[in-house]
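To start, the structure itself, in structure tokens.
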Amino acid sequence: MGDNINIGKVLDREGFKYNFTSSASTASDSCAQDGVMKEQDRLLPIANVGRIMKQTLPPNAKISKEAKETMQECVSEFISFVTGEASDKCHKEKRKTVNGDDICWALATLGFDDYADPLKRYLHKYRELEGERANQNKSNTYENNIANI
């Protein structure tokens, strides 16, 4: 945010170093070799945050820049918080890949049961649809192979 007291500082938090500078960067230098992550690389795009916020408001409502930036910081921190908890679980289990079940577990562990349960249902439905899609693709490939013989 514009009045952030951390501007120009590097903070080391939960294994990540955040660089609160306002200098422009390119894709090639977005994460410096010293492990410092620039602020714009750790935050969701402000336009996306604003669009999501606007969906829940009446059509004539306005959102201040400060509100969007506050929410941007909040949701980015929330994602890091939950993902960090899931990552710790994977590390303890000697796994390298965080999956949807790990995120659901982390949400529940952190006290976000109201979000974990619907997300578990979504994940189950998503996996069902992905399985159906994979089976459909296999069937189409088989039928195409038969037709080409």
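Owing to the predicted nature of the structure, the values given are computational and were not obtained by experimental measurement. What you see below is based on every heavy atom in this structure, not just the backbone, and it leaves out hydrogens, waters and symmetry mates.
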Note, Ile79 side chain near Leu44 side chain (heavy atom, < 4.5 Å): yes

ring-ring contact (aromatic ring centres under 6.0 Å, His included) partners for Phe112, two or more places apart: Phe78

Distance (rounded to the nearest 0.5 Å) between Lys120 NZ and Asp113 CG: 7.5 Å

Cluster overlap Tyr126 with Trp105, hydrophobic side-chain contacts below 4.5 Å: no

Hydrophobic cluster identity match, Phe81 and Ile103, side-chain contacts under 4.5 Å: yes

Test item: Lys54 side-chain N/O and Ala61 main-chain N/O as donor-acceptor pair under 3.5 Å: yes

Closest contact, heavy atoms only, Ala86 versus Ala106: N-CB, 3.7 Å

Hydrophobic cluster identity match, Val98 and Val75, side-chain contacts under 4.5 Å: no

Other residues, nucleotides, ligands: >12 heavy atoms within 6.0 Å of Met71 CE: no

hydrophobic_cluster_shared for Ile63 and Val49, side chain cutoff 4.5 Å: yes

Closest heavy-atom pair and its distance - Leu110, Val82: CD1-CA, 4.0 Å

Pairwise distance OG(Ser87) to CZ(Arg95) - rounded to 0.5 angstrom: 10.0 Å

Nearest-0.5 Å distance, CE of residue Met53 to CD of residue Gln72: 10.5 Å

Carboxylate-amine/guanidinium contact Glu130 Arg127, below 4.0 Å: no

Option among Glu93, Glu85, His91 that satisfies the side chain to side chain donor-acceptor pair (under 3.5 Å) test with Lys89: Glu93

Shortest non-hydrogen contact between Leu123 and Gly100, atoms and distance: CD2-C, 3.4 Å

Spatial distance of atom CG (Asp88) from atom CG (Asp102) [nearest 0.5 Å]: 11.0 Å

Minimum heavy-atom distance between Cys104 and Ala116, given as atom pair plus value: O-CB, 3.6 Å

Crowding at NZ, Lys65 (>12 non-hydrogen neighbours, <6.0 Å): no

Closest non-hydrogen atom pair between Leu43 and Glu73, with its separation: CD2-OE1, 3.8 Å

Gap separating the CG atom of Leu119 from the NE2 atom of His124, nearest 0.5 angstrom: 13.5 Å

Cys74 side, atom SG; Glu69 side, atom CD - distance, nearest 0.5 Å: 14.0 Å

